[in-house]
Amino acid sequence: MKDVFKAQKVTDTVYWVGAIDWVLRDFHGYATNRGTTYNAYLVLADTVALIDAVKAPFKDELLARIASVIDPKNISIIVSNHSEMDHTGCLPDVIEAVEPDAVYASRAGTEALARHFHGTGGIVAVEDGQTVSLGNRTLSFIETKMVHWPDSMLSTLVEEQLLFSQDGFGMHLATSELFADRLPREVLEFEAAKYFANILMPLVSPILKALGKVQEAGIELAVVAPDHGPIWRRREDIEFIVGKYAGWCEQKPTRKAVVVYDTMWGSTERLARAIGEGLKAGGAEPKLMPLKGCHRSDIATEVLEAGALVVGSPTLNNMMFPTVADVLTYLQGLRPKNLVGAAFGSYGWAAAGVKQVRETLEAMKVELVGEGLKVKYVPDGSDLKEAYSLGLAVAERLREVCARA
Ligand code: FEO
C-alpha cells in the first residue's frame, strides 16, 4: 500500500500522513457536503513522532503513508491532541503496530482515551507548557480545555514555529491540496465559518483563552496544521484565519436577518415572505431559510454572522413543528450571541407552536421584538400587513443594535 498511499511533505521535517474522506456527508448532525480530511503528521526529527491519528477505517492508509517515508516501528512518540474518534479511532491499533516508547495526551485526554478504548493503558499525561525533546526538535504542549473537548490540547514544533492545532482552524473539506493557499479563498472562508459555527460557536471564552495562550507563548506562527482541511502556511493566510476566529468569537451583530421556518399548508411560509419584505424595507438583509430546503448546519452557519433570528412554526398536535424543534434544539446548544428576533406562525385551534418558539428564543437570550405573530389558519391581507410590520420592527431594532455595537 505504501506505493499508493504516500506521505506528503509539509516542511523538511514534517509530513502529512492523514486520510481524505471523500464520502462523509454527516458528521454527528453537521452536513459535510464537501467531505473531510483526518490529518495526522509525522515529525522526522532525531526522535520520530506521530501527531494524532485518523478515523478507524483509515488505519491502513495512515500506516501506508508513514511506511512510504519511514518504517512505522521507528516512531518513538505518539501525541494525541484530542481524543474524539475521528482522530483516535485507530489509535489502539496504531500503538500496537508501532510499539512507541511513549504516547502523550493531556491529563483529561488520558482519561478520555481510557474511557473510549477500554484497556488502552500507559498513556502519559503532559502538563500545560511541558516540552518533550525530539533531539534536534522540541515539542511543546498547550492545554486548551473545551476547545472543544475537555481533553483538547495543541502541540507546537518549537524550532519551526509550527502549530498542530487539532480541530482549531480546521474545516470539513475533502481535498487533495495540502495547503490553503492553493484553494479558493471563498471556499476556505465558507467552510471555516461553517466549522466554527457548528463545532466551536458555544466555546467562545475558551477559544479566546486559547488564542491568548498561543500569543503568550510568543510563537510567531509560520505554519498552522489542523486536523481537518488544509494547512495554513502563508503569513497572510494565518492572519486571515486567526482574524476570522477573533471576529466569530465576538459575533458583532450585522444587518443580516435569518428567517427560519417550516410550513404545513403554506400559511407560515406566506407570513415568512411578508416578514422578509418588511425586513428589507427596514434596511435589514433578510435571508429566508425554509426547513424543507435548508440543513440545520447551514442555518447555524448563517446565524454566526447575522444580527437577527426570526423563527416561524405551524402548530402540530399542540406542539411546534418537529423540524423547527430540531433546528432550535441545535441552535440553542450552539449558543449564538447578540441576536434580536421574533416568533411567528399559523395555527388551527391553539397557537402552541409560536409560544414554544418564543420560549426557546428567550432561553437562547435572543432579544425578542413583539409578542409573537399568531395567525389562525390562512393569513389574509391584514395578517400579511402585520407580518410586514413585524419585519419592519425587527429591522428597526437591528439598526439600533448595529449602531451601538
Ligand atoms: Fe475532529 Fe473534535 O474532532
Side-chain angles (χ1 to χ4, degrees), residues 8-11 14 16-41 52 54-55 58 61 84 86-87 147-148 162-201 203 207 211 221-252 254 256 258 285 287-289 293-306 330 334 336:
Q8 292 190 58
K9 203 171 196 175
V10 179
T11 69
V14 177
W16 175 87
V17 289
I20 307 171
D21 189 341
W22 299 98
V23 177
L24 188 81
R25 290 295 178 272
D26 183 302
F27 188 91
H28 57 50
Y30 165 168
T32 49
N33 300 329
R34 288 184 163 113
T36 195
T37 65
Y38 313 109
N39 299 337
Y41 299 96
D52 293 324
V54 297
K55 201 172 171 180
F58 298 95
E61 284 189 28
E84 194 161 9
D86 46 337
H87 311 296
V147 183
H148 69 119
L162 189 154
L163 179 71
F164 298 108
S165 61
Q166 46 103 0
D167 283 340
F169 307 119
M171 66 188 76
H172 287 312
L173 173 61
T175 170
S176 54
E177 292 291 358
L178 197 56
F179 297 107
D181 46 273
R182 292 182 184 160
L183 291 159
R185 178 60 70 89
E186 63 273 17
V187 172
L188 299 172
E189 183 164 356
F190 176 81
E191 294 298 345
K194 187 169 184 178
Y195 193 90
F196 187 98
N198 285 277
I199 303 283
L200 300 174
M201 186 151 60
L203 305 162
I207 292 168
L211 288 173
L221 294 174
V223 180
V224 176
D227 277 357
H228 297 290
I231 296 163
W232 310 89
R233 63 174 173 178
R234 290 194 313 197
R235 178 173 293 277
E236 70 215 68
D237 294 330
I238 293 170
E239 283 173 1
F240 162 77
I241 192 64
V242 172
K244 280 287 169 193
Y245 265 54
W248 292 329
C249 284
E250 200 177 358
Q251 285 170 56
K252 260 185 155 173
T254 70
K256 180 164 68 172
V258 178
E285 293 166 5
K287 176 139 189 148
L288 269 62
M289 302 195 79
C294 299
H295 193 271
R296 65 173 89 83
S297 52
D298 290 314
I299 290 166
T301 309
E302 293 294 340
V303 167
L304 175 65
E305 293 182 332
Y330 191 72
L334 291 173

message: Test your reading of the model: is there a side-chain donor-acceptor pair from Q166 to the backbone of V147, 3.5 Å cut-off?
response: yes
field: CE on M201 to CD on Q251, rounded to 0.5 Å
entry: 5.5 Å
message: Which heavy atom of P230 sits nearest to which heavy atom of L188, and what is that distance?
response: CG-CD2, 3.7 Å
query: Are any of the side-chain heavy atoms of T36 and F27 separated by less than 4.5 Å?
result: no
task: Determine the minimum heavy-atom distance between M171 and W232, stating which atoms define it.
output: CE-CZ2, 3.5 Å
message: Main chain of I231, side chain of W16: is a donor-acceptor contact present, judged purely on distance under 3.5 Å?
response: no
task: Look up atom CZ in F179 and atom CD in Q8, then write down how far apart they are to the nearest 0.5 Å.
output: 8.0 Å
- request: Check for a donor-acceptor pair, side chain of K194 on one end and backbone N or O of A31 on the other, with a separation under 3.5 Å.
  value: yes
message: Could you check whether atom CZ of R185 has more than 12 heavy atoms from other residues, nucleotides or ligands sitting under 6.0 Å from it?
response: yes
task: Hey, could you give me the CZ/CG distance between F169 and L211, rounded to the nearest 0.5 Å?
output: 5.0 Å
- request: If the plane angle is over 60° it's perpendicular, under 30° parallel, otherwise tilted; pick one for Y245 and W248.
  value: tilted
statement: The reported gap from CG in D227 to CG in D52 (rounded to nearest 0.5 angstrom) is 4.0 Å
task: Measure from the side-chain N and O atoms of N39 to the backbone N and O of G229, and report whether any donor-acceptor pair falls under 3.5 Å.
output: yes
field: Separation between CG of L304 and CD1 of I299, rounded to the nearest 0.5 Å
entry: 14.0 Å
query: Is it true that K256 and E302 have a side-chain N and a carboxylate O under 4.0 angstrom from each other?
result: yes
field: L334 side chain near V303 side chain, heavy-atom distance below 4.5 Å
entry: no
- request: Specify the closest pair of heavy atoms between F190 and D298, including all atoms of both residues, with the distance to one decimal.
  value: CZ-OD1, 4.2 Å
query: Could you walk me through whether E61 and V54 pass the side-chain contact (heavy atoms from CB on, under 4.5 Å) check?
result: CA-CA 9 Å; E61 284 189 28; V54 297; over 6 Å; no
query: Yes or no on side-chain contact (heavy atoms from CB on, under 4.5 Å) for H87 and D167, after CA distance, side-chain angles and deciding distance?
result: CA-CA 10 Å; H87 311 296; D167 283 340; 3.0 Å; yes
query: How close do E305 and T254 get, heavy atom to heavy atom, and via which atoms?
result: O-OG1, 2.8 Å
- request: Check I207 against C249 and note the closest heavy-atom contact, atom names and distance.
  value: CG2-SG, 3.6 Å
Pairwise side-chain contact, K55 with L24, heavy-atom cut-off 4.5 Å (strictly under): yes
query: Checking side-chain hydrogen bond (donor to acceptor under 3.5 Å, both in side chains) against H228, which of T32, D86, T37 comes through?
result: D86
- prompt: Any sub-3.5 Å donor-acceptor pair from S165's side-chain atoms to V224's backbone N or O?
  reply: no
message: Testing the 3.5 Å rule here: is there a donor-acceptor pair between the side chains of H172 and N198?
response: no
field: Shortest non-hydrogen contact between L162 and A225, atoms and distance
entry: CD2-CB, 4.2 Å
task: Please round to the nearest 0.5 Å and tell me the distance separating atom NE2 of H295 and atom CG of D26.
output: 6.0 Å
message: When you measure from the side chain of Y41 to the backbone of P226, do you find a donor-acceptor pair of N or O atoms at a distance under 3.5 Å?
response: yes
